[in-house]
Amino acid sequence: MIKQHVKQMVLDAARTAHAAGVLASDDFPDIILEEPKIGAHGDLATNFAMAGAAAQKMAPRKIAEAVVDHITDPDGLIEKTEIAGPGFINFFIRPSAWLPVIQEIHQQDMAYGTENLGDGQKVQVEFVSANPTGPLHIGHGRGAVVGDSIAALLDFCGYRVEREYYINDAGRQILTLGRSVYLRCCQLAGQNVEFPEDAYQGDYIKDIARSVIAEKGQSLFDMPRDKAEEELAGQAAEQILAGIRQDLENLGVCFDRWYSEQTLYDTGKVEAAIAFLKQKDLIYEHEGALWFCATEFGDEKDRVVVRQNGQTTYFASDIAYHLEKYERGYDRVIDVWGADHHGYVPRLTAAISAMGRQSSQFTVILTQLVNLLRKGRPVSMSTRAGQFVTLSDVISEVGRDAARFIFLTRHHESPLDFDLEVAKAKTNDNPVYYVQYVHARISSICKKAADENPDAQKSPESADLQRLSEAEEIALIKKMGKYPEVLSGAAALMEPHRIAYYLMDLAALFHAYYNKHRVLTDDTKLSTARLHLVVAVQKVIRNGLKLLGVSTPEIM
RNA sequence: GCGCCUGUAGCUCAGUCGGAUAGAGCAACGGACUUCUAAUCCGUAGGCCGCAGGUUCGAAUCCUGCCAGGCGCGCCA
């Protein structure tokens, strides 16, 4: 808000200076105001003079002088301006000018920070979408948390968001699942059968087999093997999916819709999608297979949609799926994938262009791999031996809040070292507690305040916020004033980690303040003002943590 | 070989639109609890921003080339 004001003041000043003949050109650059890293450079600074030097044919410092000379500031927002370095104009804002931020936070409360970026557009975020052939691992956890948080963020910023999980319950991997369970059943029944390498090795298959044997007993072997495998496949997939759902729930991740790949086949949508592309003349036959002309849309080669043997590829159902997404009316579709699928991006993007969609309507977020460590040493994750630490193991060991926060304190495209011991530590190694502690501390203050003076918190309007003049107080208020900007930046770039870092910064300012000053003092009016300040801090922390899916404890 | 991602303090990581003197936490060292929660705070120390060029008033940030690590290059999913 203040930023906008100052921006306008600079522009007005430049215009006035031009009208007065001090500036030669009225071709002004965009006015960019930034917060200098160093306090001595003021609260806000602009490079306006440097950026405009070419058009004005003047030395930057001369331009800066002209602007500063023509600034009018009726509200007395600015305490001081100065021209520095190569031509920066630095603005020092009168500290009390920041105070209205507190009222704003109290008024908007849960909605503080909202910016209507989405304008009601419908967005679908599809994430996790792991095959129901085994339990989730930590990499899925990262995708789950990043996807969930992006969805929350977009939701908060004016999009109508739906979260969706795509279930790959068709195709070969499901058949393999059925066969794996069947063979384990045979072994349990004492039959001497080979368990092939390409079957699923994990112990969870044995567990499923045990439950099958317990339920069906010998009757399993009375039916034809094909039939048995098919039935077991469905049963196993269902059981595994239930486990996946439970794991995600434990992580605080819920979906609006679970979409089955098989239904795309059952309802003829895969065929329809191929027919659709055929009709656009984008499908051709070659060596007995059907190919999609992906190269026409920027992919490096054409891709098979129907194999020589007549079976469709995964790509074919994915085309159908995404076609269906847009038919459902989403303005934007966001897919969150593991980085090991990045080679697949151009192909699907090509298909979506072929559907006539704009590139802005489709975004793939790739999350990089997670290295699971314990005390700095890699935890062995041998899938072949069937020995791996599952997501479920990790969550029950370190807890949901810590797990989520760790996933969200890295850019999603950076590889992530997840150290189980660090994740459990209740120290500043683990900043989630650092942030939550702010919330708990303020709760504690409020409780005490309520005991001492029940009226103090009731009417924010009555508080004399002018009493807030300590440097730490102004720093906190300024920081909170930036929250909406941080959010819209995070939403626009789909980078929730920005919120996490913001919260850590805000938490640091609060803890410093807490250690230096008392909120509740003998001076009732001062206490009331400070109480309103810290409750505002608590609200910002709460709003931020909510977007990250992290809880806000009253007591720690 | 080609493509994508990553490379910033001893370790784990931030760094927006190119901005002024490079930012946290951990680890190290020295301090602060009779107080609203010490899961906290204050201070010290720590840098060839992978390397080399280029663009410009100005580069960790943009461009080119190289180096290192990860991932991907199926009629698999």
Side-chain angles (χ1 to χ4, degrees), chain A residues 30 32-34 36-38 40-41 45-47 50-51 53-54 59-60 84-88 90 131 133 168 170-174 176 261 286-291 300-301 303-315 317-318 338-346 366 368-369 371 373 376 406 409-411 413-417 419 422 425-434 436-438 440-449 452 485-486 489-490 492-493 495 497-498 500-501 504-505 507-508 510-521 527 530-531 534 555-556:
Chain A
D30 281 348
I32 296 168
L33 279 178
E34 54 177 23
K37 286 180 228 162
I38 300 160
H41 293 152
T46 182
N47 63 350
M50 281 116 77
F88 288 103
N90 296 336
N131 291 347
T133 54
N168 294 117
R172 209 180 64 180
Q173 80 280 359
I174 288 293
T176 305
E261 181 187 7
H286 176 66
E287 290 178 352
L290 289 187
W291 298 69
E300 57 186 18
K301 56 202 235 188
R303 306 291 177 175
V304 170
V305 288
V306 180
R307 290 185 264 166
Q308 216 168 26
N309 64 9
Q311 289 180 330
T312 51
T313 58
Y314 176 82
F315 182 41
S317 49
D318 236 4
D340 51 343
H341 288 78
H342 77 255
Y344 197 73
V345 177
L366 297 172
Q368 282 292 333
L369 297 190
N371 299 309
L373 310 174
I406 288 167
T409 41
R410 267 80 175 171
H411 188 281
E413 280 191 17
S414 293
L416 160 57
D417 285 345
D419 193 308
V422 173
K426 293 193 169 163
T427 65
N428 220 346
D429 249 336
N430 209 2
V432 65
Y433 300 116
Y434 185 79
Q436 286 181 315
Y437 193 41
V438 172
R441 269 185 155 172
I442 296 171
S443 289
S444 180
I445 294 171
C446 289
K447 206 165 170 193
K448 183 162 191 239
E452 285 175 1
E485 235 177 287
V486 170
L493 296 165
E495 293 182 350
H497 74 280
R498 290 166 183 273
Y501 279 92
M504 290 190 270
D505 287 350
F510 173 78
H511 286 310
Y513 174 58
Y514 181 94
N515 270 275
K516 192 161 171 188
H517 304 283
R518 284 190 63 81
V519 173
L520 304 176
T521 64
S527 303
R530 287 185 171 174
L531 205 47
V534 299
I555 302 170
M556 287 174 76

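Letters go in sequence order (proteins before strands), and every chain restarts at 1.
Around atom CG of A:N309, more than 12 heavy atoms belonging to other residues, nucleotides or ligands sit under 6.0 Å away.
A stacking contact links A:H341 to B:A77: the aromatic ring centre lies within less than 5.5 Å of the base's six-membered ring centre, and the planes differ by less than 30°. Aromatic stacking is marked for A:F88 over B:A20, as both cut-offs hold: 5.5 Å for the centres and 30° for the planes. Here A:H411 does not count as stacked on B:A14, because the ring centres are not under 5.5 angstrom apart with planes under 30°.
Base pairing of B:G7: its partner is B:C67, meeting the Watson-Crick or G-U wobble criterion (both donor-acceptor distances under 3.5 Å). Remark: B:C73 base-pairs with B:G1. Criterion, Watson-Crick or G-U wobble with two distances under 3.5 Å. With a cut-off of 3.5 Å on both Watson-Crick or G-U wobble distances, the partner of B:U34 is given as none. Nucleotide B:C13 forms a Watson-Crick or G-U wobble pair with B:G23, both donor-acceptor distances falling under 3.5 Å. Taking a pair to require two hydrogen-bonding distances under 3.5 Å in either a Watson-Crick or a G-U wobble arrangement, B:G47 remains unpaired.
Of the side-chain N and O atoms in A:K37, none sit less than 4.0 angstrom from OP1 or OP2 of B:G19. Between A:R441 and the phosphate of B:A38, there is a side-chain N or O to OP1/OP2 separation shorter than 4.0 Å. For the pair A:Y314 and B:A77, the criterion of a side-chain N or O lying under 4.0 Å from OP1 or OP2 is not met. In this model, the phosphate group of B:C41 is approached by a side-chain N or O of A:Y434 to a distance below 4.0 Å at OP1 or OP2. Phosphate proximity of B:G25 to A:T427: absent, as no side-chain N or O sits under 4.0 Å from OP1 or OP2.
Taking atom C1' in both B:A60 and B:A52, the straight-line distance is 16 Å, to the nearest Å. B:A27 sits 36 Å from B:C17 when the C1' atoms are compared, rounded to a whole Å. To the nearest whole angstrom, the two C1' atoms, one in B:U64 and one in B:A20, are 28 Å apart. B:C66 and B:G58 have their C1' atoms separated by 26 Å, given to the nearest Å. When the P atom is used for both B:C41 and B:G1, the distance is 50 Å, rounded to whole Å.
In this entry the distance linking CD1 of A:I442 with C1' of B:A39 reads 15 Å, nearest Å. Distance CZ (A:R307) to P (B:C76): 4 Å, rounded to an integer number of Å. Atom P of nucleotide B:G10 and atom CG of A:D417 are separated by 17 Å, given to the nearest angstrom. Atom CD1 of A:I38 is separated from atom C1' of B:G15 by 14 Å (rounded to the nearest Å). In this entry the distance linking CG of A:L416 with P of B:G25 reads 20 Å, nearest Å. Straight-line distance from the CD1 atom of A:I32 to the P atom of B:C17: 10 Å, rounded to whole Å. As a whole-Å value, the separation of A:D505 CG from B:C13 P is 18 Å. Rounded to whole angstrom, the span from the CG atom of A:D340 across to the P atom of B:G3 amounts to 20 Å.
Side-chain atoms of A:R530 come within 3.5 Å of backbone N or O of A:R518 as a donor-acceptor pair.
Residue order along RNA chain B, read from the 5' end via each residue's closest nucleotide, puts A:R410 first among A:Y513 and A:R410. Both A:E413 and A:K448 lie close to RNA chain B; mapped to their nearest nucleotides by heavy-atom distance, the more 5′-ward contact belongs to A:E413.
Put simply, the side chain of A:N47 and the base of B:G19 share a donor and an acceptor less than 3.5 Å apart. A:N90 contributes a side-chain N or O that forms a donor-acceptor pair with the base of B:A20 under 3.5 Å.
Using cut-offs of 30° and 60° on the angle between ring planes, the pair A:H517 and A:Y513 is tilted. A tilted orientation is assigned to the rings of A:Y314 and A:Y344, their planes being inclined by 30° to 60°.
Contact annotation for A:R498: base contact, defined as any heavy-atom pair under 4.0 Å involving a base atom.
For the side-chain hydrogen bond (donor to acceptor under 3.5 Å, both in side chains) with A:H411, the qualifying choice from A:Q368, A:H497, A:E495 is A:E495, the only one to do so.
Classified by its glycosidic torsion, B:C42 falls in the anti category, the angle being over 90° from 0. Taking the syn range as angles within 90° of 0, the glycosidic angle of B:C33 is syn.
Counted by atom type alone, A:E261 and A:S317 present one or more donor-acceptor pairs between their side chains at under 3.5 Å.
In this structure, A:R441 satisfies the cation-pi test against A:Y514, with its NZ or CZ atom closer than 6.0 Å to the six-membered ring centre and inside 45 degrees of the ring normal.
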